[in-house]
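Scroll down for the structure; my scribbles are underneath it.
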Amino acid sequence: MMNWLPIARDFRGDLRAALDQAKPTDALEGLASLAACRLGFLETVQLDRALARLGLKEAPGFLPVRLAVLASSTSDHLPPAIRVAGLRRKLLIDVHAGTYGQYRQDLLDPASTLHRFQPQAVLFSLTAREAIAGIALAATAAEVDNGIARFTAELRSLWRKAREIGDAAVIQQTFIDVSEPVFGGYDRIVQGAPATIIARLNDQVCEAAARDGVLILDVARASQRDGIDAWFDVGRWLQGKLEIAPQAAPLYGDLAARILAALRGLSKKCLVLDLDNTLWGGVIGDDGLDGIVLGEGSAAGEAHLALQHYAKQLKNRGVILAVCSKNDAKIAEVAFRDHPEMVLRPSDIAAFQANWDDKAQNLKAIASRLNIGVDSLVFVDDNPVERARVRQSLPMVAAPEMPDDPAHYVRSLADAGYFEAVAFTADDQSRAEQYAANAEREALLETAESMDDFLRGLKMTAVYGPFTAVDHARVVQLINKTNQFNTTTRRYAGHEIARMMEDPKAVTLQFRLLDRVGDNGLVSTMILRPTRADDEVLEIENWVMSCRVFGRELEFEAMNIAVDAARERGVRALVADYTPTAKNDVISKLYPSLGFTEVAQPASAKGTTRWRLHLADYVTRDTHIVGQEQQNDGPRDTRQIHPHSSRPAARRLDRVDDGDPA
Amino acid sequence: METRREDVPNWDSFNYINFIVAVEMEFGVKFKVADIESFPNAGAIVQETTKMLA
């Protein structure tokens with residue numbers, strides 16, 4: 001288990017060294033780097049005790065999260081593992097563990113400690129036992145379905161209750177099948193056999209979760225992968241009603257922390273691949289194009305091919321692919337172009353760094369080329385020396401351990417769960433094409449005589465309007481994944497956005513940028529609401545923009561559009577906060593550049609500054625972008641482009657989602 | 001060796017499970033459920049572990 005993490009060389013020594021640090025925040029950094037190692041249950045508990053001793057509720061560079069775990073079996077051993085897995089991802093997770101079996105009362109009683117805790121996420125960790133109790137072995141299919149439907153209906157009402165506590169995200173754990181066969185293989189034929197019921201239970205609960213926007217912690221899948229004995233120890237069950245065996249707790253914690261990280265936009269975004277002995281067997285510089293081991297007909301060749309297939313699947317779900325290899329660039333590129341067995345082709349790779357420089361330098365170059373943080377990279381390399389060097393100089397890059405045998409590369413990468421998702425949108429499916437199109441745009445920029453010339457040549461159109469039901473998942477994803485152009489780094493759950501779309505007072509704006517090279521997709525969102533003090537002042541609660549479209553003047557056109565929308569509502573002024581983070585320095589001058597002036601206010605702990613724009617003073621900015629209101633009632637019609645000087649359709653902004661098919 | 005659960009401050013079932021897990025992992029043994037719930041003191045655990053290792 002957790003084989004992708006490097007082994008701690010001296011756990012006790014490192015733990016002591018971390019605790020000997022004079023400053024608690026330095027000690028925390030030490031514990032976080034120790035948490036990035038492979039730890040057993042006992043080491044995890046020790047690390048957690050050390051963490052408790054620091055007593056830090058927040059620390060620079062760490063994101064605090066409040067998680068409530070509602071369990072129907074003993075779960076005292078899970079919070080330490082969740083906290084340690086959080087440290088691994090720079091999350092400081094405050095875990096509230098309810099008394100086991102008490103979760104219904106805790107949810108229903110507004111005076112309970114659970115309510116007072118105000119969780120940001122609630123995890124339901126239930127056993128199949130109570131879910132299937134009462135379904136007889138001789139039950140018919142209909143009786144089984146009814147029993148499960150009853151349970152699921154109650155569960156959904158509990159999810160709603162959990163969500164009502166301060167808009168918490170809800171996570172449901174799948175049900176582990178710890179039953180033994182009653183009939184043998186014939187269990188699968190008998191509707192009322194425990195294994196059959198539990199399989200159906202998981203299906204139905206996951207379907208309900210999809211409908212309700214609930215996320216899944218899939219321990220059922222994990223226990224199939226590792227074997228039920230790795231996850232369930234009947235002795236511990238009898239001894240203390242632990243359904244998750246202590247030795248599985250560290251992995252359980254990691255599975256939970258992945259979801260919390262994904263909710264905070266901290267999942268990795270880019271897979272960086274080494275070439276020689278990683279993507280293929282052998283060294284292409286020495287062995288030549290014909291000499292490398294790749295493809296059908298050789299077991300080792302198929303193992304490397306399997307990694308390529310897996311990378312391609314990740315690409316198809318929106319993960320960016322890059323190459324970082326010590327190689328001659330020309331020779332390496334030939335393989336992608338000309339080797340008949342290659343699955344990955346030049347168009348699959350968004351950034352290609354093949355040279356003889358230090359890999360850490362190259363990883364930084366890849367991140368800056370793609371305009372993403374170095375901490376969103378995963379680096380896969382067969383060479384332990386390269387991995388160690390990268391971990392040393394760039395500890396924020398995930399460099400999973402790779403087994404000696406390439407046959408297990410895919411498993412190691414997949415087990416690590418770096419790319420945990422909380423959505424899958426149309427935008428994800430076309431992301432690779434969008435990065436390829438960006439390369440084309442860069443070529444245009446190189447031939448253009450000036451920036452002005454380049455922007456004019458792109459013939460850009462911004463299609464805008466309120467959030468729509470069809471774009472809901474993408475809007476949520478964009479807001480929660482964007483770290484650079486993000487004014488307040490406020491995160492919103494799916495149902496919060498849905499409610500906002502129905503709130504007549506809120507103004508939501510989404511922007512899709514098209515140009516002559518292609519569709520950049522839905523790349524910016526803005527949320528405005530009247531301030532509490534004054535209905536005629538709208539506050540920009542959050543504004544995000546994808547780094548893919550930086551430098552295209554979209555922020556100026558978006559503000560033109562927002563100002564129009566505000567004027568339509570008789571608003572006098574806009575106000576906005578800018579809250580600096582480690583990542584959003586790129587927009588530190590955004591509001592002054594748009595004509596806002598700073599509002600004097602007491603200094604905030606987070607360094608937030610407040611900005612104000614009187615609409616009477618606003619001068620519409622000329623941009624190279626044509627604004628076009630989105631059509632919600634049919635296919636987009638590109639002929640109806642409004643020149644932005646007369647943008648008549650802005651009044652429709654206050655209508656929500658008219659006639660949208662979803 | 002004579003130490004009993006009630007002799008250790010803040011000792012609870014979670015600590016006890018951790019302790020049992022630690023002994024099992026350290027010595028590569030597995031206690032019977034009945035033994036776990038009836039060990040009278042630390043000495044009994046040592047004795048049982050020694051027996052299993054013999």
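Chain letters run A, B, ... following the sequence lines, proteins first and then strands; every chain starts at 1. Quick caveat: nothing in here was measured; it's all calculated off a predicted structure.
- Neither the backbone nor the side chain of B/D12 comes within less than 4.5 Å of any heavy atom of chain A.
- Taking CG from A/D233 and NZ from B/K30, the interatomic distance works out to 3.5 Å, rounded to the nearest 0.5 Å.
- Contacts between B/E26 and chain A at a heavy-atom distance below 4.5 Å are absent for every atom of the residue.
- With a 6.0 Å radius and a threshold of 12 heavy atoms from other residues, nucleotides or ligands, A/D404 has its CG atom at or below the threshold.
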query = When you look at A/H77 and B/I17, which way does the side chain to side chain contact (heavy atoms under 4.5 Å, CB included) test go after all the steps?
reply = CA-CA 9 Å; A/H77 56 314; B/I17 288 181; over 6 Å; no

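- Counting non-hydrogen atoms of neighbouring residues, nucleotides and ligands closer than 6.0 angstrom, the CD atom of A/Q118 exceeds 12 such neighbours.
- The number of heavy-atom neighbours closer than 6.0 Å to CD of B/E6, taken from other residues, nucleotides and ligands shown, is above 12.
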request  = Apply side chain to side chain contact (heavy atoms under 4.5 Å, CB included) to the pair B/V21 and A/R236, showing each step before the final yes or no.
outcome  = CA-CA 9 Å; B/V21 169; A/R236 303 288 170 248; 3.6 Å; yes

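- Interface check for chain A: of the options B/E37, B/E24, B/M25, B/K32, the most heavy-atom pairs under 4.5 Å are formed by B/E24.
- Nearest heavy-atom pair, B/N18 versus A/V45, reported as atom, atom and distance to 0.1 Å: ND2-CG1, 4.0 Å.
- Counted within 6.0 Å of CD1 on A/I7, heavy atoms from surrounding residues, nucleotides or ligands total 12 or fewer; the atom is thus considered open.
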